[in-house]
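To start, the structure itself, in structure tokens.
All values reported here derive from a predicted model rather than from experimental measurement. As a basis for the values below, the full set of heavy atoms in this structure was taken, side chains included, without hydrogen atoms, waters or symmetry mates. Protein chains get the first letters and strands the later ones, always in sequence-line order, with residue 1 at the start of each.
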Amino acid sequence: MSTTFATWNVNSLRVRLEQVLAWLQEHQPDVLALQEIKMTDEIFPLETFTNLGYHVAVAGQPTYNGVAILSRTPLQDVVVGIPGYDDPQKRVLAATIADIRVICVYVPNGASVDSDKYGYKLQWFEKLLGYVKNTLAAYPHTIILGDYNIAPEDRDVHDPLAWQGQVLVSAKERAYFEALLALGLNDTFRVLAPEDNSYTWWDYRMNAFKRNLGLRIDHILATSAVMARAERCVIDKLPRTWERPSDHTPVILQLSA
DNA sequence: ATGCCGCCCGTAGGGCGA
């Protein structure tokens, strides 16, 4: 008996719905956090998931961003966004599932280090730090999972030299990711499956997946209280091999009992 | 490299992602 938490940036739930359903059927996760659903709450295929026995929380918007959490058990105390931060972009969704506070995050991409979007990413992450600090004070059992758009270390990058200083790997972004861990979180993949050159995202261009030119930017972070129950963390590369895939692939954390 | 690929909106081609 185990409990599994998964995260997947699907890059449009409209396009990827059949793949998500196939993946749910195969893996039967207890919780699946979705990013970049790219749709409003109104057109979210709610009944499709409730018919499969999932409870659902959604924070959607037209065209861009959008996050959702599917759970086999009810979602309680749902919070959309970062409290006190008036951000029109729907990137954060939290809920309590059984005894665990779960936060689904879609961190801004940042475009390039000399762009306004990079400034937004850093400012946004500062707000996330405050939110996570408050959350951890209230909930010792917390999992924060999603697309962080940060590769924490060079071993999470296929070509560290080519990527040096670029967005997704820059020193400022990595320092923010470290600050997040320093609040009391563990990078579960790094703790449980510390092999190098394991990636969660591959560019659509240049045959990047076939050549394994990827980055590890999707993460499942957990407090030490959760970590005590953690047995396994894996990246499921299979959906990235499917026809018309998302450019990201799922990450799965398995807890005992 | 203002490139590559894919999705969105909308029905052409620019915005955006990473």
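- Among the nucleotides dC8(B), dA18(B), dC16(B), the one closest to the side chain of Lys117(A) is dC16(B).
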Mind running salt bridge (Lys or Arg N to Asp or Glu O under 4.0 Å) on Asp156(A) and Arg190(A) for me, showing each step along the way? CA-CA 10 Å; Asp156(A) 302 313; Arg190(A) 267 290 157 251; 2.7 Å; yes

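- Asn207(A) comes within 4.0 angstrom of no nucleic acid atom, judged by non-hydrogen atoms across all strands.
- Distance check on atom C1': dT11(B) versus dC7(B) gives 15 Å, rounded to whole Å.
- Judged by distance alone, the side chain of Ser115(A) and the main-chain N or O of Gly110(A) form a donor-acceptor pair under 3.5 Å.
- Taking the six-membered ring for Trp and thresholds of 30 and 60 degrees, Trp163(A) and Trp201(A) have ring planes more than 60 degrees apart, a perpendicular arrangement.
- With a 6.0 Å radius and a threshold of 12 heavy atoms from other residues, nucleotides or ligands, Asp159(A) has its CG atom above the threshold.
- Taking the nucleotide of DNA chain B with the nearest heavy atom to each of Trp201(A) and Tyr204(A), the more 5' of the two is matched to Tyr204(A).
- Using C1' as the reference atom, dG10(B) and dG15(B) are 13 Å apart when rounded to the nearest Å.
- Asp218(A) comes within contact range of no nucleotide atom at all, as no heavy-atom separation falls under 4.0 Å.
- Between Asn11(A) and dG6(B) there is no side-chain polar atom (N or O) within less than 4.0 angstrom of OP1 or OP2.
- To the nearest 0.5 angstrom, Ile150(A) atom CD1 is 8.5 Å from Leu168(A) atom CG.
- For the pair Glu243(A) CD and dC7(B) C1', the computed distance is 16 Å after rounding to whole Å.
- Atom P of nucleotide dG17(B) and atom CG of Asp147(A) are separated by 11 Å, given to the nearest angstrom.
- Remark: P of dG15(B) and NZ of Lys38(A) are 15 Å apart, rounded to the nearest angstrom.
- As a whole-Å value, the separation of Arg14(A) CZ from dC7(B) C1' is 9 Å.
- Across the protein-nucleic acid pair, Asp114(A) atom CG and dT2(B) atom P stand 11 Å apart, rounded to whole Å.
- At dG15(B), none of the side-chain N or O atoms of Thr63(A) fall inside 4.0 Å of OP1 or OP2 (strictly under the cut-off).
- In this structure, Arg240(A) atom CZ and dG6(B) atom P are separated by 9 Å, rounded to whole Å.
- For the pair Asn65(A) and dC16(B), the criterion of a side-chain N or O lying under 4.0 Å from OP1 or OP2 is not met.
- Using a 4.0 Å cutoff on non-hydrogen atoms, the parts of residues 161-178 of chain A near DNA chain B are Leu168(A), ordered by number.
- In terms of modelled atom types and a separation under 3.5 Å, the side chain of Arg240(A) and the main chain of Pro245(A) share no donor-acceptor contact.
- Phosphate contact (OP1/OP2 of dG17(B), side-chain N/O of His248(A), threshold under 4.0 Å): absent.
- Using a distance-only test at 3.5 Å, with no hydrogens or angles considered, a donor-acceptor pair links the side chain of Arg16(A) to the main chain of Val10(A).
- Arg216(A) and Asp187(A) are joined by a salt bridge, as a carboxylate oxygen and a charged side-chain nitrogen come within less than 4.0 angstrom of each other.
- Protein atom CZ of Arg244(A) is 12 Å distant from nucleotide atom C1' of dC8(B), rounded to whole Å.
- Nearest to the side-chain atoms of Tyr64(A) among the listed nucleotides dG15(B), dA18(B), dG17(B) stands dG15(B).
- Taking only side-chain nitrogens and oxygens, Arg205(A) never comes nearer than 4.0 Å to OP1 or OP2 of dG6(B).
- Annotation: cation-pi pair Arg91(A)/Tyr106(A) present, NZ/CZ under 6.0 Å from the ring centroid and within 45° of its normal.
- Summarising the geometry, the separation between CE on Met206(A) and C1' on dC5(B) is reported as 9 Å, rounded to the nearest angstrom.
- Contact annotation: Arg16(A) side-chain N/O to dC7(B) OP1/OP2 distance is under 4.0 Å.
- Only the P atoms considered, dG13(B) is 27 Å distant from dA1(B), to the nearest whole Å.
- If you take atom P in dG14(B) and the same atom in dT2(B), they sit 16 Å apart, rounded to whole Å.
- Using a 4.0 Å heavy-atom cutoff across all strands shown, Tyr106(A) reaches sugar-phosphate atoms only and no base atom.
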